[in-house]
Amino acid sequence: MTGGTPAAGALPARSRGVIALLEENCTACMLCARECPDWCIYIESHKEPVPGHDYGTGGDGAVPEPATSQDGDGGPGTGPDPARGPAGRGRQRVRNVIDRFAIDFSLCMYCGICVEACPYDALFWSPEFSYPETDIAALTHEQGRLREWMWTVPPPPAYDAGAMRSRGGPADQPRE
């Protein structure tokens with residue numbers, strides 16, 4: 001073993017070491033933090049507008065025509081109807097952006113509930129299990145350090161022979 005990495009074949013395939021974060025997949029939905037029985041996951045985020053989806057536009061940047069009354073009598077009902085906004089107008093699209101994602105491994109009991117609860121596959125088990133620290137505060141890994149563990153995450157195991165895919169058909173048969 002070198003640097004906390006086990007020799008090939010020394011650990012079972014689903015061993016639990018340290019939790020790695022794939023930031024691109026994380027939407028800051030907080031499911032992992034809410035499901036954690038130890039409350040050792042800390043997430044801070046803010047909302048940012050989605051580029052290309054300006055307020056009041058249909059996403060292509062063009063402002064739609066305002067809705068008008070359907071009376072057509074030339075009276076007070078003609079012109080824009082304030083009760084009905086322009087077609088396509090609504091709230092501006094926003095997305096959560098992570099400011100802080102940290103896991104306190106001094107509290108973590110390595111149950112894996114956070115990995116299983118993540119609907120976006122942003123958390124993974126790494127087989128790295130040796131990350132000693134002399135200070136207990138250093139066991140709180142911020143998102144930069146959690147990202148560094150991603151290179152140690154092994155690829156998912158192959159399907160068992162004859163296993164069914166989620167969309168039908170055996171996993172060992174190529175799709176057409």
Side-chain angles (χ1 to χ4, degrees), residues 1-55 59 90-161 163-172 174-175:
M1 176 176 9
T2 58
T5 305
L11 290 175
R14 295 186 57 132
S15 294
R16 296 177 180 178
V18 69
I19 297 169
L21 171 68
L22 183 60
E23 289 178 89
E24 299 85 52
N25 290 0
C26 183
T27 62
C29 67
M30 308 284 282
L31 281 175
C32 56
R34 278 187 269 157
E35 296 296 324
C36 178
D38 289 333
W39 291 70
C40 65
I41 300 174
Y42 310 109
I43 302 174
E44 295 173 9
S45 67
H46 68 278
K47 295 185 184 292
E48 283 186 357
V50 175
H53 290 88
D54 297 329
Y55 181 76
R91 291 189 309 200
Q92 185 174 19
R93 284 192 172 189
V94 294
R95 65 180 169 147
N96 286 332
V97 177
I98 301 173
D99 294 325
R100 179 180 186 224
F101 192 107
I103 300 176
D104 187 348
F105 286 105
S106 67
L107 297 175
C108 182
M109 65 179 175
Y110 302 90
C111 65
I113 292 174
C114 58
V115 176
E116 297 298 324
C118 181
Y120 302 104
D121 290 332
L123 297 174
F124 296 89
W125 281 115
S126 166
E128 296 285 325
F129 60 88
S130 178
Y131 41 95
E133 299 291 344
T134 56
D135 183 18
I136 196 166
L139 285 172
T140 300
H141 294 187
E142 299 291 334
Q143 68 191 64
R145 188 151 182 209
L146 294 172
R147 182 184 332 109
E148 291 172 8
W149 294 116
M150 275 306 296
W151 71 270
T152 65
V153 174
Y159 287 111
D160 290 338
M164 297 300 285
R165 289 190 176 154
S166 61
R167 295 189 181 180
D172 54 354
R175 287 193 179 167

If you round to the nearest 0.5 Å, how far is [atom2] of [Y] from [atom1] of [X]?
{"X": "S130", "Y": "E128", "atom1": "OG", "atom2": "CD", "result": "8.0 Å"}
{"X": "C114", "Y": "L123", "atom1": "SG", "atom2": "CG", "result": "5.5 Å"}
{"X": "C36", "Y": "M109", "atom1": "SG", "atom2": "CE", "result": "7.0 Å"}
{"X": "K47", "Y": "Q92", "atom1": "NZ", "atom2": "CD", "result": "12.0 Å"}
{"X": "I103", "Y": "Q143", "atom1": "CD1", "atom2": "CD", "result": "11.0 Å"}
{"X": "N96", "Y": "I43", "atom1": "CG", "atom2": "CD1", "result": "10.0 Å"}

Listed partners of E148 passing salt bridge (Lys or Arg N to Asp or Glu O under 4.0 Å), at least two apart: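 If we apply the salt bridge (Lys or Arg N to Asp or Glu O under 4.0 Å) test to E148, skipping adjacent residues, there are no hits.
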For R95, all residues meeting salt bridge (Lys or Arg N to Asp or Glu O under 4.0 Å), sequence neighbours excluded: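 None.
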Nearest atoms (heavy-atom pairs only) where [X] meets [Y]:
{"X": "I98", "Y": "A28", "answer": "CG1-CB, 4.3 Å"}
{"X": "C29", "Y": "Y120", "answer": "SG-CE1, 4.2 Å"}
{"X": "S45", "Y": "D99", "answer": "C-OD2, 3.4 Å"}
{"X": "L31", "Y": "A117", "answer": "CD1-O, 4.1 Å"}
{"X": "E133", "Y": "A138", "answer": "OE1-CB, 3.4 Å"}
{"X": "L107", "Y": "C40", "answer": "CB-CB, 3.7 Å"}

Residues forming a side-chain contact (heavy atoms from CB on, under 4.5 Å) with P156, sequence neighbours excluded: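 Counting only residues at least two positions away or on another chain, P156 forms no side-chain contact (heavy atoms from CB on, under 4.5 Å).
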With sequence neighbours excluded, residues passing side-chain contact (heavy atoms from CB on, under 4.5 Å) with I113: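 By the side-chain contact (heavy atoms from CB on, under 4.5 Å) rule, I113 matches E35, P37, C111.
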Passing candidate, ring-ring contact (aromatic ring centres under 6.0 Å, His included) with W149, options F105, F129, F124, Y131: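 Passing option: Y131.
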Salt bridge (Lys or Arg N to Asp or Glu O under 4.0 Å): pairs with one or both residues in residues 135-144, sequence neighbours excluded: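 For residues 135-144: R100-E142.
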Sequence neighbours excluded - salt bridge (Lys or Arg N to Asp or Glu O under 4.0 Å) pairs with any residue from residues 101-110: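 Salt bridge (Lys or Arg N to Asp or Glu O under 4.0 Å) check on residues 101-110 returns no pairs.
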Trace of the side chain to side chain contact (heavy atoms under 4.5 Å, CB included) decision for I19 with Y110: CA-CA 9 Å; I19 297 169; Y110 302 90; 5.6 Å; no
Sole candidate of L21, T27, L22 that passes side chain to side chain contact (heavy atoms under 4.5 Å, CB included) when paired with N25: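 Exactly one option meets the side chain to side chain contact (heavy atoms under 4.5 Å, CB included) with N25, and it is L22.
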